[in-house]
Amino acid sequence: MKRNLTTLLTATLVALVVLLGGCDSNPTQPATQDSTAAHQNASEPIVAEGLPAIHVEGSTDLPGNFYLSWVYTRDIAMLDGQGNIVWSKHEDQPAQGLKTGWWDFKKHVIDGKTYYSYHDQTGAYDNYGLNGFAPGERVILDENFNEVKRITFEKSDVVEKGDPLDGHDFLMIDLDHYILSGYIHETVYNVPGHEDGSKVVYSYLQEVDDGKVVWDWRSADYPELYGLTVTDGTPDAADYANEQTDAPDIMHFNAMRLDDEGNLVCSFRNLSTILCLDRTKDSDQILWKLSGAGDEFGLADYQKSSCQHYVTVDGNRVTVYDNGNKNQLSRIVTWEVDTKGKTVDTTDIHSFNHKFSKACGSAQRVDGDLYVVSFGAATKDNEYMAVIDFATGKKLLSITLDNPQDFTYRCVYFE
């Protein structure tokens, strides 16, 4: 069954308002009239006016919700397991000609209390000319989707207080304790062969607890990483001579997770590498490298990712959405890793019938061979996301967009 959710739910809500108006002296206004409506009732769907039209085929019996975010439009949406919109938000661009997005919409449960967050690319900050950098602020919402706070960097040796965040990912430990990411444009003097200085964009991670920086990591402190940069996804990423650009995106951080030991496992697209960082140390923080030219786990070439986006960690299981820019074939790659011995026990690889997504996207294992997948900037169609059972090869749920230019940043699942 295929349906246009925005049209269907809008009509349903308007009809309900008309029916209820005769028995209520203060009738509820249709949710679709308010593009930034608060979630007034968990059972009442909020379908924001201006939300991109989406089409759903199939359904699942998953009890949680899917959280959708777009790259170039200011839209976020939460869907139930059947693909019905539960809550959504839309806002027009802050100025004509801008294409700012709301990225990385997600749920957080802290001490039994629910929060939500998303990244707001406000349009007020310099993105160094990089399409993959959306500088802005992390917005925290309460359980009723009311804004609680906005977060930017705290002052450190690298950034000033109030400097913008990168929008790729955000880890919330509690309401005042979180891990942030940023892209820093700076001249560095430790690139082999370019000791007179090379302008680069490097990655910076900052952990803040109660307004204080308690840990940070600056990729430019590790010159061994410069030689790992690949150009499969970004042709000028390794332009240390600054012949084509003065802002080569040499790392391109895009995701992070905490492992069972509290280490930070991070994905870097332009290294084709997963790095594990020790949050207890101020130096020598890199614990291991998985995939890419600096792989320490003995992966065969076909087992390595290429310009991957997103990473999840479940015990020894590390999973990425492998965009596959090198061979132009996107897939899910899962490694069962022994981080002490630096070996890989098994590798699971799931491809998508020759679908290629050059950027963005996500892959999340829900149970067994059941995955929630978003396809990012897929080039062959406008399919936004799907729930796939790779054990049977069956696609349980699929969402497509009317406008393929509104491609997904990410779709994630939370119970």
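Because the structure is predicted, anything quoted here is derived from the model rather than measured.
- Between Arg74 and Asp120 there is a salt bridge, with a side-chain nitrogen of the basic residue lying less than 4.0 Å from a carboxylate oxygen of the acidic one.
- A donor-acceptor contact closer than 3.5 angstrom links the side chains of Tyr222 and Gln285.
- Side chains of Glu207 and His177: a donor on one and an acceptor on the other come within 3.5 Å.
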Item to check | Chi angles and distances behind the side-chain hydrogen bond (donor to acceptor under 3.5 Å, both in side chains) call for Thr122, Glu137 | outcome: CA-CA 7 Å; Thr122 63; Glu137 305 163 355; 5.1 Å; no
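- A parallel orientation is assigned to the rings of His350 and Phe390, their planes being inclined by less than 30° (bins at 30° and 60°).
- At distances below 3.5 Å, at least one donor-acceptor pair connects side-chain atoms of Gln121 with backbone N or O atoms of Gly101.
- The pair Asp389-Lys394 does not meet the salt-bridge criterion, since no charged nitrogen lies less than 4.0 angstrom from a carboxylate oxygen.
- Formation of a donor-acceptor pair under 3.5 Å by the Ser88 side chain with backbone atoms of Ile46 is found in this model.
- Thr273 contributes a side-chain N or O that, together with a main-chain N or O of Leu271, makes up a donor-acceptor pair within less than 3.5 Å.
- Rounded to the nearest 0.5 angstrom, Asp381 CG and Thr400 OG1 are separated by 9.0 Å.
- For Arg257 and Asp169, the salt-bridge test passes: some basic side-chain N is under 4.0 Å from an acidic carboxylate O.
- A salt bridge does not link Lys289 to Glu224: none of the charged side-chain nitrogens sits closer than 4.0 Å to a carboxylate oxygen.
- Of the N and O atoms on the side chains of Asn84 and Asp80, at least one donor lies less than 3.5 Å from an acceptor on the other residue.
- Ring-centre distance between His252 and Tyr183: below the 6.0 Å cut-off.
- With hydrogens and angles disregarded, no donor-acceptor distance shorter than 3.5 Å links the side chain of Asp61 to the backbone of Gly81.
- If you run side-chain hydrogen bond (donor to acceptor under 3.5 Å, both in side chains) between Asp322 and each of His309, Lys304, Arg331, Gln308, only Arg331 comes through.
- In this structure, CD1 on Ile140 lies 4.5 Å from OG on Ser117, to the nearest 0.5 angstrom.
- Atom NZ of Lys113 sits in a sparse spot, with 12 or fewer heavy atoms from other residues, nucleotides or ligands closer than 6.0 Å.
- Defined by atom type and a distance below 3.5 Å, a donor-acceptor pair is present between the side-chain atoms of Asp166 and Ser181.
- Not a single donor-acceptor pair under 3.5 Å links the side chain of Asp367 to the backbone N or O of Leu370.
- Taking the side chain as every heavy atom from C-beta outward, Tyr67 and Tyr116 approach each other to under 4.5 Å.
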Checklist entry - Are Trp288 and Asn263 close enough, and set up right, to give a side-chain contact (heavy atoms from CB on, under 4.5 Å), and what steps lead you there? => result CA-CA 11 Å; Trp288 48 259; Asn263 301 311; over 6 Å; no
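- The CG atom of Asn270 sits 5.0 Å away from the CG atom of Asp249 when rounded to the nearest 0.5 Å.
- The closest donor-acceptor contact from the side chain of Tyr115 to the backbone of Leu175 lies at 3.5 Å or more, if one exists at all.
- Between Ser374 and Ser362, the shortest heavy-atom contact is OG-OG, 2.7 Å.
- Ring geometry, Tyr128 versus His185: the interplanar angle falls from 30° to 60°, so the pair is classed tilted.
- Residues Trp335 and Phe297 keep their aromatic ring centres 6.0 Å or farther apart.
- Checked options Trp70, Phe407, Phe66; the residue passing with Tyr384 is Trp70 (criterion: ring pair (Phe, Tyr, Trp, His ring centres under 6.0 Å)).
- Going from atom CG of Asp301 over to atom NZ of Lys326 covers 5.5 Å, rounded to the nearest 0.5 Å.
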Next on the checklist: Tyr72 vs Asn131, test: side-chain contact (heavy atoms from CB on, under 4.5 Å). Steps then yes/no.
Outcome noted: CA-CA 10 Å; Tyr72 293 130; Asn131 289 330; 4.2 Å; yes
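- In this structure, Ile85 and Pro45 approach most closely via the heavy-atom pair O-CB, 3.4 Å.
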Next on the checklist: Evaluate Ser330 against Ser357 for side-chain hydrogen bond (donor to acceptor under 3.5 Å, both in side chains), listing each step before the verdict.
Outcome noted: CA-CA 6 Å; Ser330 299; Ser357 175; 4.9 Å; no
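- Separating the OG atom in Ser156 from the NZ atom in Lys161 is a distance of 12.0 Å, to the nearest 0.5 Å.
- Side-chain contact check for Tyr118 versus Lys89: some heavy-atom pair is nearer than 4.5 Å.
- Remark: Ser351 OG to Ile332 CD1 distance equals 9.5 Å, nearest 0.5 Å.
- When all heavy atoms of Arg317 and Glu336 are compared, the pair lying nearest together is NH1-OE2, 3.3 Å.
- Salt bridge Arg218/Asp216: absent, no basic N to carboxylate O contact under 4.0 Å.
- The two atoms that bring Ala247 and Leu130 nearest to each other are O-CD2, 3.6 Å, heavy atoms only.
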Next on the checklist: Quick one, Leu79 with Ile54, criterion side-chain contact (heavy atoms from CB on, under 4.5 Å). Give me CA distance, side-chain angles, the key distance, then yes/no.
Outcome noted: CA-CA 11 Å; Leu79 278 60; Ile54 63 177; 4.2 Å; yes
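- Across Pro135 and Pro164, no two heavy atoms sit closer than the pair CB-CB, 3.9 Å.
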Checklist entry - Checking side-chain hydrogen bond (donor to acceptor under 3.5 Å, both in side chains) for the pair Thr229/Tyr240: CA distance, chi angles, key distance, verdict? => result CA-CA 10 Å; Thr229 301; Tyr240 294 108; 3.0 Å; yes
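- Without hydrogens or angle criteria, Asp163 side chain to Glu160 main chain gives a donor-acceptor distance under 3.5 Å.
- Residue-environment remark: NZ (Lys358) stays at or below the threshold of 12 foreign heavy atoms within 6.0 Å.
- Scanning both residues, Leu396 and Thr60, for their nearest heavy atoms gives CB-CG2, 4.0 Å.
- In this structure the side chain of Ile179 reaches within 4.5 angstrom of the side chain of Leu258, judged on heavy atoms.
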Next on the checklist: Test side-chain hydrogen bond (donor to acceptor under 3.5 Å, both in side chains) on Ser267 and Asn254; report intermediate values, then the result.
Outcome noted: CA-CA 6 Å; Ser267 168; Asn254 58 28; 2.7 Å; yes
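- Side-chain contact check for His90 versus Asp92: some heavy-atom pair is nearer than 4.5 Å.
- With Asp239 contributing its side chain and Pro248 its backbone, the two residues share no donor-acceptor pair below 3.5 Å.
- Both the sub-6.0 Å distance and the 45° axial angle are satisfied by Lys355 relative to the ring of Phe375.
- A heavy-atom distance below 4.5 Å is not found between the side chains of Leu225 and Phe268.
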Next on the checklist: Is there a side-chain contact (heavy atoms from CB on, under 4.5 Å) between Val201 and Phe133? Walk through the geometry before answering.
Outcome noted: CA-CA 10 Å; Val201 175; Phe133 177 35; 5.9 Å; no
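- Looking only at distances, no side-chain donor or acceptor of Asn144 sits under 3.5 Å from a matching main-chain atom of Asn146.
- Ring planes of His168 and Phe253: perpendicular class, angle over 60° (limits at 30 and 60°).
- Using a distance-only test at 3.5 Å, with no hydrogens or angles considered, a donor-acceptor pair links the side chain of Ser272 to the main chain of Cys307.
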